[in-house]
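For reference, the structure discussed in these notes is given below.
Naming convention: chains lettered A, B, ... in sequence-line order (proteins, then strands); numbering from 1 in each chain. Every value quoted in this text rests on a predicted model; they were computed, and no experiment measured them.
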Amino acid sequence: MFGYSSRMPAATILHADLDAFYASVEQLLDPSLRGKPIAVGGGVVLAASYEAKRFGVTGGMPGRQARVLCPDLRFVPGNFFEYQRLGDEVFEVCRDFTPVVERISIDEAFLDVTGSVHLFGPASDIAATIRRRVQAEIGLPLSIGVARTKHLAKIASQVAKPDGLVVVEPEDEIAFLSPLPVRLIWGVGPVTGERLAAEGITTIGDLAEESPGRLASLLGQAAGPKLASLARNHDPRRVEVERRAGSVSAQSAVGRMRATPELVSATILHLADRVTSRLRGRQRAGRTITARVRFTDLRSVTRSATLAAAVSTTSIVSTVACELVASALADHAHEREVSLLGVAVSGLEMSPVLQLELPLGLEDQHLRPGTPRSADRWSLERSVDAARERFGRDAVGYASVGLSDRRVPDDFRQLAERPL
DNA sequence: TCTGGGGTCCTAGGACCC
DNA sequence: TCTGGGGTCCTAGGACCC
């Protein structure tokens, strides 16, 4: 009977994930690196090839430790502009099959092909074609998971790696999920994983048998029930094409630094400038300024202040952030050295030309007498921005005084930036 | 010799208002 | 004199993701 067939929705969500992305690009660009254990980075491993991962080398690991695990490990400096270019090319291929592409990072995206199957055939065929094209036209391995929901598709792509395709048909979902470790669930990290393991919960099937109430008392009012419903295979999230960032931040590891006012203000000025020039470039501004200080034992503290109006000027943000750092340091007077400083602006709003008038009275209360009037400074900063647009980001700016040379290149930072 | 950088979301407590 | 509940905003910290 026509109207009564209770067929389940088809598997039309794809999660596409480039394998060991930076390392794969290096092996693509330099054939002599293919099949060899390599790491992008130096002081710290930013990415490792599968050959290196086999030795236990992972991203974020100190270079020295990686060399111990894998003596033949070859370090390459990184072609960051190529990562951006090739990543964009890959997801342009995806867009040939659907406009509904949610890019979640440089190397990863969700696709909804519900509206495309009548043109290109079933989602599994689309996924196979995308993988073939990305390999043939760009030369990179791409793993794809295909399923009915984002949660399932993401897990499927993890299972598919490296260079694989896993399709979870609706009738197979429970059998697919149940035996998998809870750590594969998006949102279950080391702490939650341990907490669950302590209760004897190790597989997604175990998790699905727990009551939401028990999980809520174990993991919190929000996380518990959310996890329970994912484990029971309910995932209402849609693939969303565009999402703007709600905060901007910049931070810098400074090795070990005596927190003198001079070094703090020079570093904070540099970081505030990174953050606010991005804001100004997108006509945005934010009300809340947060400063982060990490001490040498890796404990970190934050201090924040919410202003009456949204701001995007380097001078206001750096002045407020310096005061916040000073207050954090005053609360930890026994700490003599810091290992990281950070600045964030959140509570973002659109900020058209109005920005010129708004902060006038507001910022002056944060500034010493004798500094240029805010409108003058704002137009000065706009001309700095303009010079950067013409001559590049490094053409004009505040020196990054006191930053150790282990610091990550600016090109790499830009890869991680989310569109504002 | 101690893991880099840019983000999101949640929690808990306090201030303040009605 | 002591008593209640709820909403909103802010701050600080933490887990997690890529």
For [X] and [N], give me the distance from atom [atom1] to atom [atom2], rounded to whole Å.
| X | N | atom1 | atom2 | answer |
| --- | --- | --- | --- | --- |
| A:Q84 | B:dG6 | CD | C1' | 13 Å |
| A:I106 | B:dG6 | CD1 | P | 14 Å |
| A:R103 | B:dG6 | CZ | C1' | 15 Å |
| A:R292 | B:dT8 | CZ | C1' | 13 Å |
| A:R237 | B:dC9 | CZ | P | 12 Å |

Would you mind classifying the nucleic acid contact of [X] as base, sugar-phosphate or nothing, using non-hydrogen atoms under 4.0 angstrom?
| X | answer |
| --- | --- |
| A:Q251 | base |
| A:G220 | sugar-phosphate |
| A:D297 | nothing |
| A:V45 | nothing |
| A:L271 | nothing |
| A:G342 | nothing |
| A:A344 | nothing |

Considering heavy-atom distances to DNA chain C, does A:A416 or A:H332 have its closest nucleotide positioned more toward the 5' end?
A:H332

Within less than 4.0 Å of OP1 or OP2 of [N], is there a side-chain N or O belonging to [X]?
| X | N | result |
| --- | --- | --- |
| A:R287 | C:dC9 | no |
| A:S247 | B:dT8 | yes |
| A:T306 | C:dT11 | yes |
| A:T302 | C:dG13 | yes |
| A:S249 | B:dG6 | no |
| A:T192 | C:dC16 | yes |
| A:R294 | B:dG4 | yes |
| A:R418 | B:dG6 | no |

Relative to each other, are the rings of A:Y22 and A:Y83 parallel, tilted or perpendicular (30° and 60° limits)?
parallel

Under a 3.5 Å limit for both distances, which nucleotide forms a Watson-Crick or G-U wobble pair with C:dC18, could you say?
B:dG5

Per the side chain to side chain contact (heavy atoms under 4.5 Å, CB included) rule, which among A:T267, A:T276, A:D273, A:V317 passes with A:V343?
A:V317

Residues [X] and [Y] bridged, charged N to O under 4.0 Å:
| X | Y | result |
| --- | --- | --- |
| A:E89 | A:R85 | yes |
| A:D96 | A:R133 | yes |
| A:K53 | A:D19 | no |
| A:E337 | A:R256 | yes |

C:dC2 glycosidic conformation (syn if within 90° of 0, otherwise anti) is anti

If we take the C1' atom in both B:dT3 and C:dC17, what is their distance in whole Å?
16 Å

By nearest nucleotide on DNA chain B, pick out whichever of A:Q65 and A:K226 is the more 5' one.
A:Q65

Which residue lies toward the 5' end of DNA chain B, A:A223 or A:A245, if each is placed at its nearest nucleotide?
A:A245

